[in-house]
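Below is one structure, written out as structure tokens, with a few remarks after it.
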Amino acid sequence: MSIRAELKYKIMKDYGAPALMVLQDFKRRKPRPIPEAFGPPLESNKRLKEILSRHYFLSRYTPGVKKVAWVTSGAPVELLRAFDFYTIYPENHSALVGAKKQGADYCGIAEGSGFSQDLCSYARIDLGHMLSGKTPAGKLPKPDLLFCSNNICQTVLYWYKAIAHELNIPLIHFDAPFVTTEQTEADINYMAQQLQDMIPILERVSGRIFYLNIFEDILKRSMETSKTWGAILDAMKAQPAPMTIFDAFGHLAPIVSLRGLPVAQDYYHFLMDEIDTRVTQGIGAISDERYRLIWDNIAIWYKVRFLATFFAERKMNFVTATYTNAWAETTGYLDVKNPWTSMAKTYGQIILNNNLKHRLDLMKKMIKTYSVDGMVMHSTRSCKPYSVGQFDLRKTITADLDLPAVILDADIADERVWSEQQIHTRLEAFCETLEGSKHG
Amino acid sequence: MADLYFAGVDVGSLSTDVSIIDHSGKVLSEIVIPTGVNGSEAAEEAFGSALNLADLTREGITAITATGYGRASVAFATGKTTEISCHGVGAHQLFPRTGTVIDIGGQDSKVIQIDSHGRMLDFTMNDKCAAGTGRFLEVMANRLELDLDELSSPLNIKGESAPISSTCTVFAESEVISLLAKNTPREEIVHGLQRSIVNRIWSMVTSIGVEGEVTLTGGVAHNKGLVALLEEKLGLTLNIPENPQTVGALGGAHIARRAYQSNLESPTN
Amino acid sequence: MLRFSKHETTFNEITKNMNISIPDRSEYLKTLAQSGQKIMGVLPALYPRELLWAFDIHATEIWDPPGEILHANAHLQTTICPIVKKSLEFILKEPDIINAGYLFPHTCDSLQNLGTQVKDLIGVSLPVYTFYNPKGSFNKMTTKYYRDILQNYQLTLETIYGPLNPEKLLAACVLSHKIDSYLLAIQQARMTDHLAMNNLDYFKLMRAQEYLLPSDYLSLLEQVDILDQPSESPRARLMVSGILPPTSEILRFLDELGVGIVADDLLAGSRRIPKFPMDTPVSPLDYLTDRFFVLPPCSTRGGDLDERLHHLSKLMDASQAQGMLFDMIKFCEPELFDHRLLVKTLREKNIPVLTLETELDSHISGQDKTRIEAFTEILFEMASA
């Protein structure tokens, strides 16, 4: 580790990044006028933006200071934190590219190099980034390590294998057996053992020693942060809901990619305070909330604004989503006294690694507790674990709960998979049904 | 070796093309007619016209290669070869330094890599979907109520283009409808369509790599706006044959000539 | 002799020196079910068939049942692979030939979800089982875990079918071991032209293990004639990689063109046969555990890419294949991710590569015919140069 690099990193962290924020503020054009349909925007938005910009900005000063790991959204990152890895989340980065409507460009690079157009667009965007170095974040460091878990999909394993081969760097894979009924003792032991076996490799790559007490602190912080996130989502049970799920898609970033760090913990306290205040004062995310909706599956990143406005104008607000809930749902299993087995339970049972009976029950529960009037499911080309089964989930939920529902065929980040005409027609029809069902 | 003539008959999905050459490779006649519904009739008709034009009789032709989609339906051919090999050989004859051939045909587009003798080394073809083919342009021209010539007028490549991101003909058509409904100027839509095809072709080219000079064949090579965009995207100048539609037939004729000559040289004959 | 010889379909005439016949799949299974045999429908791809045999359950595999996809479209999106869709179409018909339940081995995301979709949302009258196959790079811990999974699966079966007879399990392993040995020998003969069999028949023979009783399959393999002297080499030698063998129509077309598939890297082919001959089984669960870990590298298990490249190059060398045909199933993520590196590596070695994309419909498109023909033109040119 060079002292110069370390010094530079420290200067950038303490002075460079804050200066950048001021500059960005200055550069920022006049804020877009908020359509009337929305309530006042969250104060936290600004802080969120700062945290994320700073995270991406600082990453370029890591060489010689910190080892960089690319991590999947469902991986037990707490373990990496104990070795002070600088973590980059390709899924988060791909979502960012998608939100900037540049997904097709990056996908095109990957496709040109031989990756099929039928593959996950998060993967294609990331591979496009890896092959070209392009990023809307200015510049990102090359990873020293890859860390993935198939608890969200097998896709990440195939994808990270391709990167590991291309860049010739180590890949640590956490194999999380799919839960068909319930986790067996063998499953839990297998996962717990894998985590412990990772320590020597992580020590070697990071050049740091593992201390259990440091790890426990991180685990504690991570638990606490997830719980706060869960409480924030819970607060959306209020009528009107203090934020929309489209806001939550953005505020999700720290819990996914900065989990276990003080910055994330502090951030959610800040957000929680603001949300609490709004609930007390009866401030809603949209100015006139008449209908409450549930969202299923990952966001359609290039159409978040469009969808938010479309629904807000019709007095409809998304108050819950299976997606945002995923980083709060299983935290209850974490137990600092039994770090390994409790992590196996936490990470092994997340929604995408659990059977569809579990998902059905969870969705029904959410629909009831959040007083939901209708459901929008995004069927995404990219994500098989999230999308295979949606047709029957919809059928069952509609029948059992008498709930209007619509399925949108689209993609998370490849904007080429979007048929404006078709989606518009479906959405209009859904809104008509919803309005009819509540007043009819 | 005087009085030896060879022909290539390319029965494509949109057009049927014939090329007749003599033993030295000199082109005597070239014909392009629409294929219509019956490939074998089109082949007969085009071959007859080409013979007339060259002032030759059917018996005067030594060997005939059939190629293209309908190659199996050409009863009078003495051999058949895929249009992929034929385009490689044809492009090599016209531009000997060609290393890469891009053929944008009616039903499919292909990128072919050839060696210094015109022999095919590798190729790639568009997938089932017709986006990035001549057919795609035809469908879109209909939708825009333009004829194909209007669609190919040279455009200012720096001009505005409407975003047409879809990679599938059906999807793109519905996008065009939405754009028309929003009163987007037609030039912008045309430009957007051309960009969409070029992107499609570009990803095929990058998947196989560019070697040597690049020759563009197929009817779409007449589309000046598209050629300009493709050149810009690839960052090089394309070889454009005078008759881009008959390159496959020309290659077929040369393959017939080569096969005849190597048979003569071969000791077993 | 085969038990169900009246339902024979004879081999294509092109096959010389081969006087054996393979029963038709659906006829065979129908007769078997009528005779009271317990039959489990198993989805792709890897599972401990020997454990099922030990409980007198016949495992028949469901990869690409014929027929149009109609009802499955109400349950699955258009962007789901045809194996998953065709399997569901088959299951929805609740066919009589399956009477003991369905087994979903954990192979990919889509099959993982289909298993729970069928079990927990759609519902079928028969029991639905799952079997997890560990993923990633393997070590001692994985071995122990796999053994645990086997034991748990045995327990599940015991709760339904009563205690396992250990001798039966050993016998099943011995039978499986014999089948593997024959298949390895046949594969070897194929690579060196010691098997006078066309493409179509060769893959019919390989795929007959998906539905024949193991004893019937073994007696079929025993009849396969391995030549003492190599027969004539095909005009061009091809290796094929993917999930399933090319469709019959493509195999027939390759036969007509004179192209021989001399080696395969198919999930429904060599990827489910151990890389090398194993010792005769003594302790069944140890044997089954060992067998899983000596299967060739496979995309669906998330194995190491260098290992896979090395394995493919060994097969290509041994079979002297001149080119590689990738027969990719539309939307098959595990295969499509690895595909790019495999193609890139082969191209760097100047080995011609052709990729076809299939949706498992029996009809071969004009475009694919052109692709195949153009590809063989390259191979022939190479062979003559």
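Computation of the quantities below employed the complete heavy-atom set of this structure, encompassing side-chain atoms and omitting hydrogens, waters and symmetry-equivalent molecules. Chain A is the first sequence line, chain B the second, and so forth, proteins listed ahead of strands; every chain is numbered from 1.
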Between chain C and each of Ile112(B), Thr81(B), Asp122(B), count heavy-atom pairs under 4.5 Å; write down the option with the most. Asp122(B)

At a 4.5 Å cut-off on heavy atoms, which part of Arg347(C) comes close to chain B: side chain, backbone, both, or neither? side chain

Do Glu381(C) and Arg258(B) meet the salt-bridge criterion of a basic N to acidic O distance under 4.0 Å? no

What part of Val353(C) gets within 4.5 angstrom of chain B, counting heavy atoms only: side chain, backbone, both, or neither? backbone

Charged N to carboxylate O below 4.0 Å: is that the case for Arg252(C) and Asp255(C)? no

Measure Ser207(B) against the heavy atoms of chain C and call it side chain, backbone, both or neither at under 4.5 Å. backbone

Under a 4.0 Å N-O cut-off, is there an ion pair linking Asp103(B) with Lys110(B)? yes

Can you say whether Glu373(C) sits under 4.5 Å from chain B via the side chain, the backbone, both, or neither, judging by heavy atoms? both

Phe380(C) to Ala236(C) - nearest heavy-atom pair and separation: CE2-CB, 3.6 Å

Lys/Arg N to Asp/Glu carboxylate O, Asp361(C) vs Lys330(C), below 4.0 Å: no

Cut-off 4.5 Å, heavy atoms of chain C, and the answer for Leu121(B) is backbone

Counting heavy-atom pairs under 4.5 Å to chain B, which of Glu377(C), Arg340(C), Lys369(C) comes out on top? Glu377(C)

Verdict with reasoning, Arg308(C) to His311(C), per side chain to side chain donor-acceptor pair (under 3.5 Å): CA-CA 5 Å; Arg308(C) 186 155 183 218; His311(C) 179 72; over 6 Å; no

